[in-house]
Amino acid sequence: QVQLVESGGGLVQAGESLRLSCAASGSIFSINVMGWYRQAPGKQRELVARILSGGTTDYGDFVKGRFTISRDNAKNTVYLQMNNLAPEDTAVYYCNANIRTRTLPGSSIYWGQGTQVTVSS
């Protein structure tokens, strides 16, 4: 069994920063891609950022240099540093990982429970 547990969400004012963390635990053999998605009320879930095991990163167009994704492979943890937050960044942020476990063949996508980020103007 694999779990992704996010932390670090909260309420901030526009222009402030937050750092999200997501730790994967369980019977993990390897993790390929780890990423962050977000979903605002009434909108579809969208990619915020993702990072491969080797460090290659990819960001949603709206990030515009404000966010930085990183990971600690030894801790099976992915981080999202969000700077210069704006009200339109308000959403539930979900952690996502492509994980190969020690017990099942192949790899599967796992999701965290989500953490709320609210940015006031």
| said: Would V117 and M82 count as a side chain to side chain contact (heavy atoms under 4.5 Å, CB included) here? Give the steps. | reply: CA-CA 10 Å; V117 172; M82 303 187 292; 4.0 Å; yes

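- The minimum heavy-atom distance between D61 and K64, with the atom names listed, is O-CG, 3.3 Å.
- Of the inter-residue distances, the one linking L104 atom CG with I99 atom CD1 reads 11.5 Å to the nearest 0.5 angstrom.
- Counting non-hydrogen atoms of neighbouring residues, nucleotides and ligands closer than 6.0 angstrom, the CD atom of E88 exceeds 12 such neighbours.
- Residue pairs meeting the salt bridge (Lys or Arg N to Asp or Glu O under 4.0 Å) criterion with at least one member in residues 95-118: none, sequence neighbours excluded.
- The minimum heavy-atom distance linking P87 with S121 is given by the pair CG-CB, 3.8 Å.
- Under the 4.5 Å side-chain contact rule for hydrophobic residues, L4 and L52 do not share a cluster.
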Could you list the donor-acceptor pairs under 3.5 angstrom formed by side chains in residues 8-32, with sequence neighbours left out?
{"from": "E16", "atom 1": "OE1", "to": "Q13", "atom 2": "N", "distance (Å)": "3.0"}
{"from": "S17", "atom 1": "OG", "to": "N83", "atom 2": "OD1", "distance (Å)": "2.9"}

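- A search for side-chain hydrogen bond (donor to acceptor under 3.5 Å, both in side chains) contacts involving T118 returns Q116, not counting sequence neighbours.
- Considering only residues two or more places apart in sequence or on other chains, D72 meets the side chain to side chain contact (heavy atoms under 4.5 Å, CB included) condition with A74, K75, Y79.
- Expressed to the nearest 0.5 Å, how far OG1 of T103 lies from CD of Q1 amounts to 9.0 Å.
- A donor-acceptor pair under 3.5 Å links the side-chain atoms of Y59 to the main chain of I69, judged by distance alone.
- When all heavy atoms of R66 and D89 are compared, the closest pair comes out as NH1-OD2, 2.6 Å.
- Rounding to the nearest 0.5 Å gives a distance of 16.0 Å between CH2 of W36 and CZ of R50.
- Residues F62 and V119 share a hydrophobic cluster, clusters being chains of Ile/Leu/Val/Met/Phe/Trp/Tyr side chains in contact below 4.5 Å.
- Tracing side-chain contacts under 4.5 Å through hydrophobic residues (I, L, V, M, F, W, Y), one never reaches V33 starting from L80; they form parts of separate clusters.
- Between Q113 and V5, the shortest heavy-atom contact is OE1-CA, 4.0 Å.
- Cluster partners of L47 are Y37, V92, Y94, I109, W111, counting Ile, Leu, Val, Met, Phe, Trp and Tyr whose side-chain heavy atoms approach within less than 4.5 Å, directly or via other members.
- Among residues two or more places apart in sequence or in another chain, the salt bridge (Lys or Arg N to Asp or Glu O under 4.0 Å) test is passed with E46 by R38.
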